[in-house]
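The block underneath contains the structure these notes are about, expressed in C-alpha cells.
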Amino acid sequence: MAIQTDGVRSIGVSITVIVSLLQAFFCHSAVADKGAPAREFDKSTILVRFQASAAKSARDALCDSVGGVVEHEYSLVPNLICLRINVSVAEALSAFQARPDLVQYAEPNRYLQAVATPNDHLYSSLQWGAINTGQIIDISWTPVPVPGFDQTGTPGADANLEAAWDITTGDADFVIAVIDTGIDHNHLDLDPNIWENPGETGVDGMGNLMSTNGIDDDSNGYIDDVRGWDFVNDDNDTTGDNPFHGSHVAGILGAAGNNGIGIAGVNWRCKIMPLQFLDATGFGLCSDAARAIEYACDKGVKVSNNSYGDPNVDQSLLDAVTAARDMGHLFVAASGNNGNSLPFYPASFDLDNIISVAAVDNLDQLAGFSNFGATSVDLGAPGVGVPSTVNQNGQMTFESLQGTSMASPQVAGAAALLWSAMPGWTFTQVRSQILSTVRPIPALVDVTVTEGTLDVGAALAIVPKPPRIEVIGEIPSALEPGFPTILTVLIDPRDDTLVAGTQQLHLRTNGGTFASSTLTPIGGDLYETQITVNSCTEEPEFYLSVEGANSGTVTLPPEGATHPSAVPAGVQKVAFADSFETDLGWVSGAPGDNATTGIWDRMDPQGTAHPNGDILQPENAFDGAVCWATGGLSLGAWFANDVDNGTTTLTSPVIDLSGAHSATMSYARWYSTDTGPNPSIDNLVIDISDDGGGSWTNAETVGPTGVETSGGWFKHSLRVEDFASLTNSIRIRVIASDPNPTGSVLEAAFDDFRITAVTCCDGDGDSDNDGDLDLTDFDAFAACLDGPAAGLTSGCACFDLNGDGNIELNDYSTLQEMFTRS
C-alpha cells in the first residue's frame, strides 16, 4: 500500500507554532498545549500484526517472551493485536521485528490528537457556513476576544446548505460515526439524533432492560453499549470526561434542525454514533482509534468523521482504514491545523475512501491555520467561527470554534445527506459527487485537489426533488376545543407525480391510533383540512402525507407518525408578565451572595462608555423605562460600579403554572464581560425551579465568550417543560457572577419577562388574553355569536360563560356584568 508523503492530509495542532494561542484553551478543549506532558506513544502496549501463516503456538511464545497479554484482537484487521507488555517498548519491538517469519510489523501504540482552535452561538445570525449573508463573525484564535478580529463575510461564501435542505434534510435512520472525544447526548440539540444500539435496547428474556442488564446482548464484545463505546475508559459512558470537542463536531454534522433550538446540523435528521477514543486532553491511542473504526464497521456504518491525527505513519491505523474501505466505509478526515503542506495521518493516507478537508473562512479564503496540498487535500469547507453544540463546565450551550476539525464534519454531514437520498450508491459514487460539485474559489487553486470548497446544494442537485408539503401560515399554538382549526396546505409535486387521493391528514388524540382523512382540493396545489378536538383533556397529534409515484410517501413533519406535530388543546394565555415598570415582587439578593458592587437593582439604567467607545452598561431598558440591572448607574469611571468580588442574584416571585401545559418563557437580557484587563471569564446564569426555590435547574448560561457577551439587548425564549414540571411553585433566578477580583468588567440587565401557557378556557371572557375585559372582547363576542363562518374561532370558548356549550345572548348578559365589575 503506497503511503502519500507529499502534500497534506494532516490533523493535529502544531504545538510549536501556536502554543501561545492554545494555552488559554487547554483547560476546556480537546487540544493540548506545549505545557502538557509529551505523549508520543503508550509505554505499556504495542501493536503487532502477525503473518497469516504464523502458528498460534509460535505467536504465543513470542508474546510470552515479553510478558505479553493480548488486550484486543482485531476482527476488522486479521492477525492484528494490541499487546500489553512488561518490558520496555524498544525491547518489545526489537523482539518482534527480529522475527519477520512470524510478524508483518510491530510498532509503538502512538497517541493521536484532536484538532481545533477556539471561540461561540446560531443559525440566522451566525451559521454562515449554511448561508452567508455577510454576517459578522469573531475570527480570533483564542477564547479571549481580540479587538479587530471581527470579520464581515462575503455573501454566498458558504456551503449552500439551504439548496440541499430543499431536497432533503436527512434520514432519521442513517448512522454517522463520530470518532472523537465524548459527546453530550443530553444536549437538547443533540439528544433527538443520538444513535441507540438496537441490539442493546428493549427488554431481555428476564424482563430486564437490555441497556443496563450487564450482558453483551448483541455479542459484539461490548456490554450495554447502548450509545456506542468509550475506548478510553473501556465503558459505555460515551459522554466522557470532557465532551466539548466531540459535541461540537457532532452538532455541526447532525444537530436537530427546525426545533427552535440553537443551530441546524448539516443533517437535521440522522443518527450520531458516539465513539470516544480521545481523552479529556484531546489525546487518544492508535489502538483505540482502530477499535472505534472496527466498531463502526461492525455495525454497518457507512460514514465516519475523524478530527484527529499524528505526523507518523501508523501501519495499524492504515490497515484499519483500508479494511473499512473494503467494507464500503467512507472516512472523512480533517487536514490539520499546521498551516503547511506536511502530511498528518490518517488524513494523508493514500486511500480512495478518504476525503481530506481544509478549512476556509467566510471570505472564501483558506484559513491561515489550515493545512493544504495540491495532491493530498481534497477540498475546503467552512472552518472558521463555526457555531455548534458544546458542554462547557457541565453546561449545555453553544460556542463557535475554528479549525479543520470544524470543516471535516461539514463534509461528513454532506456525505450522509447525499447517501441517505441515494441509498443504492457506493462510497466511490458519494465521494466523487461531493468532489466533482465543489464551488471553485481562487484561494484553493494549486493547494487542493479540487481547487474548490464544499457545495452541498450542488452535490444534491442530482437527486430528484420529492413532493413538498407546506402549511400556509402558522400552525396555531393551541387547538381550541369545540372550534375547528382550518389548515391550508400546499402540496407541490416538484420532480414527481402525485398519486391521486393520497393527500392525507392523520390525527390522533391521547396517544391512540391515527385516523386518516383526505384533504379537500381548493385549486392549484392547495388543499384544505380541519382539525377539531372536543376537550382540553385531549392531547392531539397529527401529520400530513402524500405519495409520490417515484419518491414514495412524503410526510410533514418528515418523521411522520414517529414524531408528529403536537399542538395542545386549550387556549394560549399569558400566565405571568412583568415589564418591571412596577414592582411585582422580584427580589435582589440570595443566601451566599457576596458581590461588593454591581448588585441587582430595578432602575432606569444609565450607560457608561469605555475609553474605546463601547457602552459597558445598558443606556436604556429593553422595553419601557425601567429594568433590572447590575449597578447600572453611571458613577464616572467605566469600571466603577460593575459586579465585583462575588455573585448577585435576582429571584422572581412564585408563579403558578399548575394545570397549564406548553409553557414558554421569554425575556430580554443585556450582558457585557469582554472588556477590562482580564476579560471573558464570567457567566450570566438563568435557572428555573419548580419547588419554590428548593432546587434549581440551569435553563441558560451566557458567556464567558460569544457574540452575546459584548453588550446589547438580546431576546431569548425557551420551553419551560424542558427544565421543570409545571407546578404552582415556579421561580426564576438570574445570577451575575464575578468571583475573582482579577480585573474583569461584568455588567448585566434583565427585562420584559413573560410566560405564556396553554390552559383550558375558564369562561373569563378575555378572548385576546391581554388580562383585561374591554371593547375588543365585545367585538370578538359579536363575531363568535355569528358563528365560526364569521372568520373568528380563537377565543370563542372563553365566551361560553354559562358552560352550556353554546355562545348565546345569555352569555352576553354575563359578559356585561363581568365588565361592570372589572
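In this text the structure is predicted, and so the values were computed from the model without any measurement.
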Pairs under 3.5 angstrom only: tabulate donor-acceptor contacts from the side chains of residues 454-471 to other protein residues two or more places apart or in another chain.
| unit_1 | atom_1 | unit_2 | atom_2 | d |
| --- | --- | --- | --- | --- |
| D455 | OD1 | N160 | ND2 | 2.9 |
| D455 | OD1 | G457 | N | 3.3 |
| D455 | OD1 | A458 | N | 2.9 |
| R468 | NH1 | E470 | OE1 | 2.6 |

Main chain of [Y], side chain of [X]: is a donor-acceptor contact present, judged purely on distance under 3.5 Å?
| X | Y | answer |
| --- | --- | --- |
| T502 | E547 | yes |
| Q429 | T426 | yes |
| Q530 | L487 | no |
| H506 | S517 | no |
| D171 | A421 | no |
| D578 | R754 | no |
| T727 | D690 | yes |
| S652 | I732 | yes |
| N510 | G512 | no |
| W165 | V266 | yes |

So, [X] and [Y], do they make that salt bridge, N to O below 4.0 Å?
| X | Y | answer |
| --- | --- | --- |
| K299 | D218 | yes |
| R731 | D687 | no |
| E196 | K271 | no |

### Query
Only one of V303, N267, V301, L417 forms a side chain to side chain contact (heavy atoms under 4.5 Å, CB included) with F174, so which one is it?
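Running side chain to side chain contact (heavy atoms under 4.5 Å, CB included) over V303, N267, V301, L417 with F174 returns exactly one hit, V303.
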### Task
Report the residue from V249, I272, T239, T389 that forms a side chain to side chain contact (heavy atoms under 4.5 Å, CB included) with I183.
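For I183, the side chain to side chain contact (heavy atoms under 4.5 Å, CB included) test succeeds with only one of V249, I272, T239, T389, which is I272.
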Nearest 0.5 Å, what's the [atom1]-[atom2] distance between [X] and [Y]?
| X | Y | atom1 | atom2 | answer |
| --- | --- | --- | --- | --- |
| T697 | D722 | OG1 | CG | 11.5 Å |
| L505 | S545 | CG | OG | 8.5 Å |
| L190 | H248 | CG | NE2 | 11.0 Å |
| Q504 | Y543 | CD | OH | 9.0 Å |

### Task
Examine Y667 together with H716 and report whether their ring centres are nearer than 6.0 Å.
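So the answer is yes for these two rings.
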### Query
Is the F514-F542 ring centre distance short of 6.0 angstrom?
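For F514 and F542, the ring centres are not under 6.0 Å apart.
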Can you tell me if [X] and [Y] form a side-chain donor-acceptor pair at under 3.5 Å?
| X | Y | value |
| --- | --- | --- |
| N391 | D184 | yes |
| S551 | D496 | yes |
| Q503 | T518 | no |
| D225 | N236 | no |

